[in-house]
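Below: one structure, written as structure tokens.
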Amino acid sequence: MSIRSGSSVVGIEEHDVDVVIVGSGGGGAPAAFELASAGLDVLVLEAGPHVRPEEFSQRPLDSVRRTYVDKGGQETHDGSVLVLQGSCVGGSTVVNGEVCFRIPDEVLTEWTRDFGIEGIDPDTMAPIFAEVEEHIHATDEDGKHLDGSVLTMPGMVKLGLNPKPVKRNVKGCRGCNYCFFGCAYGCKQSMDQSYLPQGMAEGAKVISDARVECLTIDGNVVREVVARTPHGTLKVRAKSVVLACGAIATPLMLLDHQLGGPEVGKNLAVHPICAPFGWYPDAQPQRSSSMVGAYTDAFKEEGVLIESVSVPRDYLAAFIPGIGREHRDLARNIDHVATMGAVVRDTGGLGRVARDRNGKKRITWKLDHATERKVRTGMRRVAEIHFAAGATKVTLPSLDVVTIQRGESLSPIDQLPLGAADITFVSYHPQGTAPLGLVTDQNARVKGTDNLYVMDTSLFPSPVGVNTQVPVMAIATLMARRLADQMS
Amino acid sequence: MPSSRLIVTAFADTLFPPGSDAPAGSVVVPDALEDLLASMDEGAVKQLGMALVLFEIGAVPLHGRRFSKLSAEGRERYLRGSMRSRLPLRRAIFRALRGLCANLYYADARTWPLIGYDGPPVVDAGR
């Protein structure tokens with residue numbers, strides 16, 4: 001049993017299944033496993049290609065072009081946030097940093113209290129998170145590659161921030177740090193290595209290179225899903241249809257079919273990440289490391305999570321600021337750079353996914369005061385850790401070279417312009433564009449429909465504040481079980 | 001209007017001027033970009049072409065000449081001005097072009113000596 005390529009579809013091919021799932025990432029794959037385990041006939045359609053570990057070259061640009069949405073160029077319309085998502089079998093789980101956090105209890109409580117979501121309290125979710133972690137082998141023992149944190153971790157310790165190694169879903173990780181560009185060794189337990197084969201063992205089928213373009217709707221019922229393949233067309237009739245295309249493509253699918261009501265696509269949160277660089281003249285970072293190593297959640301109250309990050313230097317170099325000789329002098333010293341990312345829990349709903357007048361995808365996102373404060377706090381905390389760890393200077397994540405020398409005031413952080421295209425915000429965690437209880441009912445069924453469901457990060461009523469893969473797998477598991485109960 | 005390639009060449013050389021331990025941007029970027037464009041859809045290619053033209057003619061009101069006709073010093077001044085501009089569109093265009101050029105530049109093995117990079121380890125992993 002293997003994943004079938006859509007290239008093998010010639011002409012029109014028809015299928016009749018219990019459930020068709022659109023998308024094979026952190027939402028679709030666990031849903032497929034759960035529904036197939038319940039004895040249902042499940043077909044997963046993935047728009048992207050199936051890229052096997054041995055096909056990953058560790059050449060960042062090649063990988064980004066092959067496996068990322070829009071070849072890695074997906075950004076907000078004003079260029080303020082680069083929104084990175086995987087587009088391949090396994091979705092973003094193939095190109096993420098394997099970071100495994102559960103949804104914090106206070107966020108689950110907020111969803112119950114402020115958004116009226118039922119059956120999602122910490123006690124209900126804890127065993128589901130434990131199951132997810134087992135499926136994907138989330139561990140802090142296998143990933144002993146903290147070398148990338150060797151410079152920054154002492155700073156966290158010195159400041160009393162209680163750094164811990166992140167849990168990661170890996171088996172036999174070698175610490176090559178090319179995680180963002182696909183694991184060439186198959187160590188990362190992304191969906192293509194975990195939930196999808198587990199679901200296929202239960203009878204689920206997966207077809208890659210099959211881009212769903214149209215839902216055939218009859219009253220309140222989605223009768224058929226139509227997907228374009230390289231040489232043909234798939235027509236899939238299903239009793240239930242699950243959208244798991246991620247927080248950008250799922251709302252677009254709903255908008256294109258006038259489904260889900262006026263709130264579809266609004267409420268986008270991105271978790272903007274910014275990463276001031278620390279420069280450590282006396283220390284040389286190790287060449288072997290996991291991509292994400294140590295983290296501190298000491299600033300959770302301030303809406304900031306700080307993670308040590310280590311990326312291949314051919315990728316890192318492009319983020320070194322400045323132009324001309326100034327840039328080159330910095331790039332030449334890239335050996336002395338250590339990086340930490342401040343993951344900011346933005347205010348929900350600062351962004352929106354829509355179609356513009358020409359029918360093109362349009363993503364917008366605008367900082368509010370509260371989020372701006374968190375971003376500046378995040379940069380400040382990162383700078384403080386760098387200096388406590390012995391960095392002699394910190395450069396800010398702007399295009400221009402903005403340097404703070406050791407001992408100097410951190411005030412340039414407060415003055416740094418944060419308008420469109422001023423600094424480099426990267427988002428790996430788009431979410432919230434078809435929220436539970438608003439666009440869908442409590443069971444993730446799209447309002448106004450009888451058999452269409454959403455099972456991806458679009459469902460999050462407010463931002464989770466942590467890396468989204470385990471959260472989405474757990475929510476998809478919960479919702480898929482409810483669906484299975486209804487269908488059997 | 002000069003070709004996109006000419007504008008990209010001028011941009012890449014300003015971003016990465018010739019140096020002793022790394023090739024000039026123009027040695028690497030224009031060919032790599034052509035290769036990339038071949039795989040991109042028409043809309044994206046058009047959009048990039050438009051960004052390049054806007055960047056090229058944007059220099060006229062500020063420096064009296066198109067970007068590619070400026071001296072090396074003039075080009076660098078114009079790039080710096082774009083980076084710090086109050087106009088979001090001007091910054092966004094600069095940011096997009098810079099990101100593209102920088103990624104293409106450092107993806108080329110000829111630039112790796114500058115950053116002390118030995119290349120992907122998978123090659124040595126006996127695969």
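Heavy-atom pairs under 4.5 Å with chain A peak, among B:Gly119, B:Pro88, B:Ala107, at B:Ala107. Here B:Ser39 is the residue among B:Ser39, B:Ala22, B:Ser85, B:Ala92 with the most heavy-atom pairs under 4.5 Å with chain A. Heavy-atom pairs under 4.5 Å with chain B were tallied for A:Lys71, A:Arg65, A:Lys360; the largest tally goes to A:Arg65. Between chain A and the options B:Asp108, B:Asp13, B:Leu89, B:Leu15, heavy-atom pairs under 4.5 Å are most frequent for B:Leu15. In terms of heavy-atom pairs under 4.5 angstrom with chain B, the leader among A:Gly79, A:Gly322, A:Ala317 is A:Ala317. If you tally non-hydrogen atom pairs under 4.5 Å between each of B:Thr111, B:Leu79, B:Leu104, B:Asp21 and chain A, the highest count goes to B:Asp21. Contact count versus chain B (heavy atoms, under 4.5 Å) is highest, among A:Pro417, A:Ala331, A:Ser398, for A:Ala331.
Two residues are said to be in side-chain contact when any heavy atoms from C-beta on lie closer than 4.5 Å; A:His327 and B:Arg98 meet this criterion. Inter-residue side-chain proximity for B:Glu76 and A:Glu326 is flagged as unmet; no heavy-atom pair is nearer than 4.5 Å.
Atom SG of residue B:Cys101 and atom CD1 of residue A:Ile323 lie 12.0 Å apart, to the nearest 0.5 angstrom. Atom CG of A:Asp335 is separated from atom OH of B:Tyr117 by 13.0 Å, given to the nearest 0.5 angstrom. Interatomic distance, CG of A:Leu61 versus OH of B:Tyr106, reported as 14.0 Å (0.5 Å rounding). Between atom CG of residue A:Asp329 and atom CG of residue B:Leu114 there is a gap of 9.5 Å, rounded to the nearest 0.5 Å.
Within a 6.0 Å radius of CZ in A:Arg211, other residues, nucleotides and ligands contribute 12 heavy atoms or fewer. More than 12 non-hydrogen atoms from other residues, nucleotides or ligands lie less than 6.0 angstrom from NZ of A:Lys393. Environment of CZ in A:Arg355: crowded, with over 12 heavy atoms of neighbouring residues, nucleotides or ligands closer than 6.0 Å. Counting non-hydrogen atoms of other residues, nucleotides and ligands closer than 6.0 Å to CD of B:Glu42 gives a total of 12 or fewer.
Looking at A:Ile320, only its backbone comes within 4.5 Å of chain B, counting heavy atoms on both sides. In this structure, chain A has heavy atoms under 4.5 Å from both the backbone and the side chain of B:Arg91. In this structure, no portion of A:Phe319 lies under 4.5 Å from any heavy atom of chain B. Contacts between A:Ile423 and chain B at a heavy-atom distance below 4.5 Å involve the backbone alone (N, CA, C, O). With a threshold of 4.5 angstrom between heavy atoms, A:Asp422 approaches chain B through its backbone and through its side chain.
Annotation for A:Asp314 and B:Trp112: closest pair CB-NE1, 3.8 Å, computed over non-hydrogen atoms. Contact record, A:Ala318 with B:Asn103: CB-OD1, 3.6 Å, taken as the closest heavy-atom pair. Closest heavy-atom contact between A:Asp400 and B:Met83: OD1-CE, 3.1 Å. Contact between A:Arg59 and B:Pro120 at its shortest, heavy atoms only, is CD-CG, 3.6 Å. Listed here is the closest heavy atom pair of A:Gln58 and B:Pro121: OE1-CD, 3.1 Å.
Judged by distance alone, the side chain of B:Arg95 and the main-chain N or O of A:Leu399 form no donor-acceptor pair under 3.5 Å.
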